[in-house]
Enquirer: 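One structure is given below, represented as structure tokens, and several questions about it will come after.
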2 protein chains.
Amino acid sequence: MAHTRTDPDAGEPALTHIQALPSWLLNRASARGRRLVADALAQDGMRMPHHAVLSAVADLGPVAQAELGRTTGFDPKDMVGILNDLQAQELITRAPDPSDRRKNAITLTDEGRKRLNRLTKLGDEANEALLSALSPAERELFLALLARVVDQG
Amino acid sequence: MAHTRTDPDAGEPALTHIQALPSWLLNRASARGRRLVADALAQDGMRMPHHAVLSAVADLGPVAQAELGRTTGFDPKDMVGILNDLQAQELITRAPDPSDRRKNAITLTDEGRKRLNRLTKLGDEANEALLSALSPAERELFLALLARVVDQG
DNA sequence: TCGAAACCGTTGGGGCCGCCAACGAAGGCG
DNA sequence: CGCCTTCGTTGGCGGCCCCAACGGTTTCGA
């Protein structure tokens, strides 16, 4: 089939073609989102993974690190570092689980809950800015399509 | 306004909230796209930046590295490595520009053009798979919305 | 019951990507 | 001639993602 293809030189420029690909646009949009969120969370001295893990701890009450890793998708190796940071700021506590001495029971502190509320607000604002070019109806449509692209494993 | 806010515990779980944010979904979609494209290009022993730079060289004929960096958005530091790789495989040539001895004139070789055609095909197929959950009309709509999210600087 | 298998947290390592700083060489311009 | 800019190159940093291995612990089946 290659021998019947139109010569690429006759068509659109190769670079234009690449930069219009979904993967390219998604990369750029994702990068913009990460930057916006990272800058917002940085106002509170925190990073995205920390916010995610803090949220997971809030939901799952006393929970083991491995369980946190499964629900958030973070590597166990990285989870150690994230929890170290959170623990150093006394946003979570790491206590041995008496019923299973392999596990650490991770719990949210009061300070952690306050911090989570602030972070959630900052993250929401950043996401609002991310989609500020779209109307509410368009945002809903965009997110629905995006979810289908993501979930189609 | 914070004192009138509904208690977060009464609403949706914090982790669910985060994972439904546009920034989170965009990150996941972008990661999937990068993985699909990377795997596809790897069949031809190449990576995404190399494909992009090869495309830019094809478009811009003999061109300086700095110019390539500007049009593709890659850091000059990274451009050096990419061009080294491409040159090692004899897909491009790096010749001193006689009219400006600071510049390297980057040119596509015949082998580079063949390789670019293969890579473009592989990249297109990967992107087709990336959006395979959407109908043609939905893809068009999705890309239009995505472009607006990206371009709104 | 006791040994194999699985799971836990931790450490170490690596790859990709985006970005910045500095340098010598070369050109532009007063 | 000096001054500023640009060019390619080297070196380095930080974030994010993933894999391998190890000692300690639990589980489950032979």
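Note that these values count all heavy atoms, side chains included, but never hydrogens, waters or copies made by symmetry. Just so it is clear: chains get the letters A, B, ... in the order the sequence lines come, proteins before strands, and each one is counted from 1.
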Enquirer: Is the distance from OP1 or OP2 of C:dG18 to the nearest side-chain N or O of A:Arg32 less than 4.0 Å?
Expert: no
Enquirer: Look at B:Asp151 together with A:Arg32 and state whether they make a salt bridge at an N to O cut-off of under 4.0 Å.
Expert: no
Enquirer: Between atom CE in A:Met46 and atom P in D:dG15, what is the gap in whole Å?
Expert: 12 Å
Enquirer: When you check the phosphate oxygens OP1 and OP2 of C:dT10, does a side-chain N or O of A:Asn104 lie under 4.0 Å from one of them?
Expert: yes
Enquirer: Within the distance-only criterion (no hydrogens, no angle test), does the side chain of A:Arg94 pair as donor or acceptor with the backbone N or O of A:Asn104 below 3.5 angstrom?
Expert: no
Enquirer: Rounded to whole angstroms, how far apart are CG on A:Asp97 and C1' on D:dT26?
Expert: 12 Å
Enquirer: Should A:Arg115 and A:Glu90 count as an ion pair when the cut-off is N to O under 4.0 Å?
Expert: no
Enquirer: How is A:Ala31 classified with respect to the nucleic acid when contacts are heavy atoms under 4.0 Å: base, sugar-phosphate, or nothing?
Expert: nothing
Enquirer: When you look at CG of A:Asn84, are more than 12 heavy atoms from neighbouring residues, nucleotides or ligands closer to it than 6.0 Å?
Expert: yes
Enquirer: Along nucleotides 16-25 of chain D, 5' to 3', which nucleotides get a B, which get an S, and which get a -, given that the test is a protein heavy-atom distance under 4.0 Å?
Expert: SBBB----BB
Enquirer: Write out all pairs satisfying side-chain hydrogen bond (donor to acceptor under 3.5 Å, both in side chains) with one or both partners inside residues 71-83 of chain B, taking only residues at least two apart or from two chains.
Expert: none
Enquirer: Using whole Å, what does the distance between atom C1' of nucleotide D:dT10 and atom CD of B:Gln65 come to?
Expert: 13 Å
Enquirer: Would one find more than 12 heavy atoms of other residues, nucleotides or ligands at under 6.0 Å from atom CD of A:Glu125?
Expert: yes
Enquirer: Take atom NZ of B:Lys103 and atom P of D:dT9, then tell me their distance rounded to the nearest Å.
Expert: 14 Å
Enquirer: What is the distance, to the nearest angstrom, from the CD1 atom on A:Ile106 to the C1' atom on C:dG9?
Expert: 10 Å
Enquirer: Which whole-number value in Å describes the distance from A:Leu41 CG to D:dG15 P?
Expert: 13 Å
Enquirer: For the atom pair CG (A:Leu141) and CZ (B:Phe142), what is the distance rounded to the nearest 0.5 Å?
Expert: 10.0 Å
Enquirer: Using a cut-off of less than 4.0 Å, is there contact between a side-chain N or O of B:Arg70 and OP1 or OP2 of D:dC7?
Expert: yes
Enquirer: Could you tell me the separation between the CD atom of B:Glu67 and the C1' atom of D:dC7, rounded to a whole number of Å?
Expert: 12 Å
